[in-house]
4 protein chains.
Amino acid sequence: MSRKQELRAEETKQSILAAATQLFGERGYDTVTMREIAKQAGCSHTTIYIYFHDKEALLHLLSMPPLDQLKQQLTDILHTAQQSAEQKWKAICKEMVRFCFMNKTMYPIFFNVRAVRVDEQEPELPINKLRNELFALLTRALQQCLQIDSNDERLLAFSRICYYTMHGIIGTYTHSEESAEQLLERLSTTFDTAFETLLLGFRQKLHQGDNHHENHTTV
Amino acid sequence: MSRKQELRAEETKQSILAAATQLFGERGYDTVTMREIAKQAGCSHTTIYIYFHDKEALLHLLSMPPLDQLKQQLTDILHTAQQSAEQKWKAICKEMVRFCFMNKTMYPIFFNVRAVRVDEQEPELPINKLRNELFALLTRALQQCLQIDSNDERLLAFSRICYYTMHGIIGTYTHSEESAEQLLERLSTTFDTAFETLLLGFRQKLHQGDNHHENHTTV
Amino acid sequence: MSRKQELRAEETKQSILAAATQLFGERGYDTVTMREIAKQAGCSHTTIYIYFHDKEALLHLLSMPPLDQLKQQLTDILHTAQQSAEQKWKAICKEMVRFCFMNKTMYPIFFNVRAVRVDEQEPELPINKLRNELFALLTRALQQCLQIDSNDERLLAFSRICYYTMHGIIGTYTHSEESAEQLLERLSTTFDTAFETLLLGFRQKLHQGDNHHENHTTV
Amino acid sequence: MSRKQELRAEETKQSILAAATQLFGERGYDTVTMREIAKQAGCSHTTIYIYFHDKEALLHLLSMPPLDQLKQQLTDILHTAQQSAEQKWKAICKEMVRFCFMNKTMYPIFFNVRAVRVDEQEPELPINKLRNELFALLTRALQQCLQIDSNDERLLAFSRICYYTMHGIIGTYTHSEESAEQLLERLSTTFDTAFETLLLGFRQKLHQGDNHHENHTTV
DNA sequence: GATGAATGAGCGTTCATTCAT
DNA sequence: AATGAATGAACGCTCATTCAT
């Protein structure tokens, strides 16, 4: 009696999640309507409200599990003994790109593009906590890699620059029709180059700063 | 009679364009309504449809002049005798950011984020031509700056990386409530750092490549 | 087996009635949803439809017991030996107000304000019978209090006037957010005054009528 | 050109107002939908939004002109030299009843039955100002009629009681299918009796109070 | 007997667009 | 050329109700 129904319910819920994931991923959060999701999921639009409180909740629930998983992965990378700090940072950057390509809905959540307020307004929201933790991870990896003090203001600037580049990479291809695999295949060396470039640049910047200092002090 | 009318018509059309430019620029494409544009232009919202087929057509037409102007500016920068190639490239990058901050509509157009399909579908579209020319300019500036062959495949990768970073910068702040001026005031040194970092990185990359080559040939 | 089931069924039905009584009483008919009732009753919302044809039928059925109880109370008051007719009438009026405050659903039922059609359309409806009996009680109490003939047309007018005032009192506060207790605490002396005023007025009216008569006959 | 259109627009607006007046009057504010109003008015539901900002605005606009008129009438009554204070007060009460019968939408506005927040929340709202002025007029008339101090707390209680009775009278018949004329024809003597009764009662109450005082002071 | 799943009708509102003049 | 009037489709969401088990 209940077994079959439970199964059916889970199926419906999953089909809604699948539909929403796909549509949000393809066309972004706010251009997709509940009715479209329902149609794609093969149910009535009211059915969605049985499983999810509202459109935004759907998006959030959609995102939590993969984000949790991502956090675990990034933490694992950071704590691996076998790799250098540089390798770790690059691995983390690449993993974030890969992850966002695989979960195209993540773009508006990570980079809170309009209409999805995942930001300061409710930092208590689990998803915001997670988001912040992820970016903190990224900053820490960069700090260890550059071996600068975590209060050094240059770390903030460098973090931002990483963020911009990642945002750009992901934003550029989020609405692409190519699959994650195709994109990674075609462009991963470019992405590698991007992160390496940044790192090289950051290091030189730091040296410049030192030299400047030296120059200043010597003169 | 017809003379006067023509003039009047042109005036109306221009006032619509001006209004749309301003509003789209300030608040982006889809939060602005036709009625708001009409109000600002001092005409009825139906009048807009006399001159422009629909909202999207209006956007495209309206985007041309500022893009033309931008193109002119960038071209001017590129052809100035007084500056080094590096200075030119940085100036171009900064100008593009500034321009996109001032014209918030440009974000979806430049980086063709969904909803406004300005892309492959109709590469003949004047606006797409212009867009491509602009990015070509960027690439050329970078090429001259790095002094590598325009067919060097590394140039394509580096161009893309610049594009990502610019996309990220602009995308991060396009939906911000801060004005263009505030943003530039607050963050322009970070943006400078970003572009300098990229350049430093690119150069080192090129050297690495050379060394690799050397190593390869020696061994 | 059937015995147990019957019992269980009756239990469920009663818990639904109890829940609906409370919720309707607290918040009125149309702000309460079937799901809320079900939740409070500890059953599924579909279960309600097993016992009651629809929301309105539930309301009607649910209104019977308290109305029956009210009728009993008012009858008791009317038949008490210890009180004067005036005390009885006032007690009845106050009890009706108190009752309607405690059972906010009663307002639309007693005074058949739209949405719940309990009126002439089906005078056979048990609830309408009861309603009419209650108002008949009120009239009888007033008659005994004023000691006029039950066919005296002035009794009808006076009854109506009482009805208006009670309707006004209850209607004024039914949608208030104050609890029944708070309202009674704050306003019961005003209500007392209202009923006393009416009674004083009625009596004087009767005297006036007599005097008129006297005058008429004397002159 | 514009003449005909203006006329047509005014017609539409009036038909919307007429439809809304009738429907609100018949079935109350919140059970009536915009689409129903539109249907009755013979236009699309979106057309309503051309002329009225939203549903509540429609109700308010519907009410202002008649309320203004009523205020004028009541003021006139109060300032007539030829009548006694008692005549004036009774005339005012009767006029309010008559007015509400003629404008059945007024019921929820005057007596702010659920969902129409015409109350404390925004006392600045023109309609609320007007409403308060009207009730102030009523109180003043009563005060002059009873010749008691305007700060006498009994005046407040008496005013409330009048309010209840008027609320009751109007509430009882607002949803009636009888026309205003029919109702007044059939019941105006009852209403007269009601107000006379109240007045007689109030006066006696005041005397009682005096006697009490006397008793208190003498003893 | 009882339930969770699912639905359709409907809500107020917005907006780009078309029609008649 | 230009406009005000008018519309239909759509939005997110709620609710009483029915269906299959």
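Convention: sequence-line order gives letters A, B, ...; per-chain numbering from 1.
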Seminar exercise, completed: Comparing nearest nucleotides in DNA chain E, the 5'-proximal residue of the pair B:Asp54, A:Lys13 is A:Lys13
For this session: Taking side chain to side chain donor-acceptor pair (under 3.5 Å) as the test, write out the residues that go with D:Glu11, two or more places apart.
Result: none
Exercise. Does C:Thr31 reach the side chain of C:Leu23, with side-chain heavy atoms less than 4.5 Å apart?
Worked result: no
For this session: Identify, with sequence neighbours excluded, every residue that meets side chain to side chain contact (heavy atoms under 4.5 Å, CB included) alongside A:Thr46.
Result: A:Ser44
Exercise. Rounded to the Å, how far apart are A:Lys39 NZ and E:dG8 P?
Worked result: 13 Å
Problem set entry | Dot-bracket pairing map - DNA chain F, Watson-Crick plus G-U, both contacts under 3.5 Å, | cross-strand | .||||||||||||||||||||
Problem set entry | d(CD1, A:Ile16; P, E:dA5) in whole Å | 11 Å
Problem set entry | Check: B:Phe52 and B:Leu59 side chains under 4.5 Å, non-hydrogen atoms | no
Seminar exercise, completed: Whole-Å distance, A:Glu11 CD to F:dT21 C1', equals 16 Å
For this session: Have a look at A:Tyr51 and say if it touches a base, only the backbone sugar-phosphate, or nothing, with a 4.0 Å heavy-atom cut-off.
Result: sugar-phosphate
Exercise. What's the CE-C1' distance between A:Met34 and E:dT7, to the nearest Å?
Worked result: 15 Å
For this session: Would you kindly check whether a donor in the side chain of D:Arg35 faces an acceptor in the base of E:dG12, or vice versa, at under 3.5 angstrom?
Result: yes
For this session: Using atom CG of B:Asp30 as one end and atom C1' of E:dA16 as the other, report the distance to the nearest whole Å.
Result: 13 Å
Exercise. What residues, two or more places apart in sequence or in another chain, satisfy side chain to side chain contact (heavy atoms under 4.5 Å, CB included) together with C:Ala41?
Worked result: C:Ser15, C:Ile16, C:Ala19, C:Cys43
Seminar exercise, completed: 5'-most contact on DNA chain F (nearest-nucleotide basis), C:Lys55 vs A:Glu36, goes to A:Glu36
Problem set entry | Length of the CD1-P vector between A:Ile37 and F:dA10, whole Å | 16 Å
For this session: Please report the shortest heavy-atom distance between B:Met34 and B:His45, naming the atom on each side.
Result: O-CB, 4.2 Å
Seminar exercise, completed: The correct set of residues in residues 42-50 of chain A placing a heavy atom under 4.0 Å from DNA chain F is A:His45, A:Thr46, A:Tyr49
Seminar exercise, completed: Sorted by position of nearest nucleotide on DNA chain F, 5' first, the leading residue of C:Thr33 and B:Ala9 is B:Ala9
Problem set entry | Between E:dC19 (C1') and D:Gln5 (CD): distance, integer Å | 10 Å
Exercise. Rounding to a whole Å, what distance do you find between A:Glu6:CD and E:dA6:P?
Worked result: 13 Å
For this session: Check C:Phe24 against C:Tyr29 and note the closest heavy-atom contact, atom names and distance.
Result: CE2-O, 3.6 Å
Exercise. Can you find a heavy atom in the side chain of A:Leu17 that is under 4.5 Å from one in the side chain of A:Gln14?
Worked result: yes
Exercise. Pairs in or reaching into residues 34-55 of chain B: which pass salt bridge (charged side-chain N to carboxylate O under 4.0 Å, His left out), with residues at least two apart or in two chains?
Worked result: B:Arg27-B:Glu36
